Amino acid sequence: METTIQTAFDDAKHIVFLTGAGVSTASGIPDFRSANGLYTQNRNAEYYLSHRYFASDPDGFYEFCKKNLYFPDAKPNVIHEKQAALTQQDRATVITQNIDNLYEEAGTKHLIDFHGNLYHVYCEKCGEAVPVADYLKSRIHAKDGGPLRPDIVLYDEGIKQQNIIDAVKAMQAADLVVIVGTSMKVYPFAGLLEYRNPNAKVVAINRQELRFSFDFEMVQEDATKFFAELKVK
């Protein structure tokens with residue numbers, strides 16, 4: 001790791017991590033948009049993860065989610081752990097597209113699940129939170145017979161307003177923005193870069209080269225290698 005990047009981390013008081021699927025691949029969760037990913041293997045995957053499908057075929061949606069989205073044996077890796085450590089120092093916020101709950105397991109303190117979390121399940125009838133273990137046994141709430149669903153943003157649904165507000169505030173306050181494991185092509189998540197503090201240093205850590213219209217530092221390597229080498233005070 002370049003000394004200048006380590007120094008940027010050491011000196012930063014308000015780091016924002018913008019993260020995507022590449023963070024969790026090292027934990028055994030596939031990148032859905034990769035060559036072997038869910039969206040590539042199943043051309044209808046986006047439809048199966050839409051609110052339209054959820055409303056029209058709740059049983060089919062439930063079975064698709066159980067089969068394709070849950071990886072209960074996955075554990076946080078060094079990327080989650082180092083980022084979580086920085087949040088615990090109150091020096092960082094993580095804004096993630098991931099819905100896999102690994103940041104929560106790593107003990108991340110300042111976390112915005114921009115697209116929701118598969119492990120947060122609630123009853124649409126009464127609004128009560130339900131353990132994910134119950135959901136994986138049945139999509140019907142035992143208490144009142146209401147339908148259960150994971151609290152994730154489906155296609156043709158909007159992002160929660162509070163998540164947008166919190167993410168924009170974090171971007172405006174950041175003195176270091178670190179993009180990790182994402183192509184930054186999915187909106188509105190990618191649009192968060194437009195709200196960055198203009199004085200913030202931007203670093204991108206990704207296997208594929210990224211291109212932006214502003215100055216930034218590209219670290220084209222495996223993020224697990226980068227974070228394994230990163231020293232956290």
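All figures in this text were calculated on a predicted structure; none of them were measured in a lab. In what follows, residues are counted from 1 in the order of the sequence shown.
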Any Gln89 side-chain heavy atom under 4.5 Å of Val232 side chain: yes
Glu104: side-chain hydrogen bond (donor to acceptor under 3.5 Å, both in side chains) partners, not counting sequence neighbours: Asn117
Separation between CZ of Arg139 and NZ of Lys66, rounded to the nearest 0.5 Å: 11.5 Å
Under 3.5 Å: donor-acceptor pair, side chain of Asn163, backbone of His115: no
Under the salt bridge (Lys or Arg N to Asp or Glu O under 4.0 Å) test, residues paired with Lys160 that sit two or more places apart: Asp151
Side chain proximity check, Arg149 to Leu154, heavy atoms < 4.5 angstrom: yes
Flag, side chain of Thr25 to backbone of Gly22, donor-acceptor distance under 3.5 Å: yes
Under 3.5 Å, side-chain donor or acceptor atoms of residues 119-127 against the rest of the protein: list the pairs with distances, not counting sequence neighbours.
from   : atom 1 : to     : atom 2 : distance (Å)
Lys125 : NZ     : Asp144 : O      : 3.1

For residues 208-220, which side-chain N or O atoms pair as donor and acceptor with protein atoms under 3.5 Å away, sequence neighbours left out?
from   : atom 1 : to     : atom 2 : distance (Å)
Glu217 : OE1    : Lys201 : NZ     : 2.9
Gln220 : NE2    : Arg207 : O      : 3.2

Arg91 side-chain N/O to Phe9 backbone N/O, donor-acceptor pair under 3.5 Å: yes
Side-chain donor or acceptor of Ser27 paired with backbone N/O of Lys75 under 3.5 Å: yes
Mutual orientation of the aromatic rings belonging to Phe61 and Phe54 [parallel < 30°, tilted 30-60°, perpendicular > 60°]: perpendicular
Close side-chain approach of Leu86 and Phe17, heavy atoms under 4.5 Å: yes
Atom of Ile99, atom of Gly116 and distance for their closest heavy-atom approach: CG2-O, 3.3 Å
Spacing of CD belonging to Glu229 relative to OG1 belonging to Thr224, to within rounding of 0.5 Å: 9.5 Å
Qualifying residues under side-chain hydrogen bond (donor to acceptor under 3.5 Å, both in side chains), relative to Glu105, sequence neighbours excluded: none
Hydrophobic cluster identity match, Leu111 and Val153, side-chain contacts under 4.5 Å: no
Mutual orientation of the aromatic rings belonging to Tyr135 and Tyr62 [parallel < 30°, tilted 30-60°, perpendicular > 60°]: perpendicular
Cluster overlap Leu69 with Val130, hydrophobic side-chain contacts below 4.5 Å: yes
Listed partners of Ala223 passing side-chain contact (heavy atoms from CB on, under 4.5 Å), at least two apart: Ile79, Val180, Ile205, Phe227
Donor-acceptor side-chain pairing of Thr87 and Tyr103 below 3.5 angstrom: no
Remaining members of the apolar cluster that contains Ile140, side-chain heavy atoms under 4.5 Å: none
Set of residues satisfying side-chain hydrogen bond (donor to acceptor under 3.5 Å, both in side chains) with respect to Lys143, sequence neighbours excluded: Glu128
Reported CD1-to-CD1 distance for the pair Ile165 and Ile159, which is rounded to 0.5 angstrom: 13.0 Å
Asp100 side chain to Leu102 backbone, donor-acceptor under 3.5 Å: yes
Residue pairs fulfilling side-chain hydrogen bond (donor to acceptor under 3.5 Å, both in side chains) with at least one residue in residues 176-195, sequence neighbours excluded: Gln97-Thr182
Point-to-point distance, once rounded to the nearest 0.5 Å, from CG of Asn101 to CG of Leu118: 8.5 Å
Spacing of Gln83 atom CD and Ile15 atom CD1 [to the nearest 0.5 Å]: 9.5 Å
same_hphob_cluster(Ile152, Phe189) at 4.5 Å side-chain heavy-atom cutoff: no
Pairwise distance NZ(Lys13) to CG(Asp90) - rounded to 0.5 angstrom: 14.0 Å
Candidate pair Asp175 and Asn199, rule side-chain contact (heavy atoms from CB on, under 4.5 Å), full reasoning: CA-CA 7 Å; Asp175 52 9; Asn199 298 315; over 6 Å; no
Same cluster (ILVMFWY, side-chain, under 4.5 Å), Met171 and Met184: yes
Heavy-atom check, side chain of Val94 versus side chain of His80, under 4.5 Å: no
For Ser50, all residues meeting side-chain contact (heavy atoms from CB on, under 4.5 Å), sequence neighbours excluded: Tyr47, Arg52, Tyr53, Tyr155, Asp156
Taking every non-hydrogen atom, the tightest pair across Asn98 and Ser24: ND2-OG, 3.5 Å
Asn77 side chain vs Val23 backbone, donor-acceptor pair below 3.5 Å: yes
Minimum-distance pair of heavy atoms, taken over all atoms of Ala170 and Val16: O-CG2, 3.4 Å
Non-neighbouring partners of Ala167 that pass side-chain contact (heavy atoms from CB on, under 4.5 Å), sequence neighbours left out: Ile95, Ile112, Phe114, Leu192
Residues, nucleotides or ligands: over 12 heavy atoms within 6.0 Å of Lys169 NZ: no
Minimum heavy-atom distance between Gly107 and Ala84, given as atom pair plus value: C-CB, 4.1 Å
Validation row: Cys65, Leu49 side chains within 4.5 angstrom (heavy atoms): yes
Partner residues of Gln172 under the side-chain hydrogen bond (donor to acceptor under 3.5 Å, both in side chains) criterion, sequence neighbours left out: none
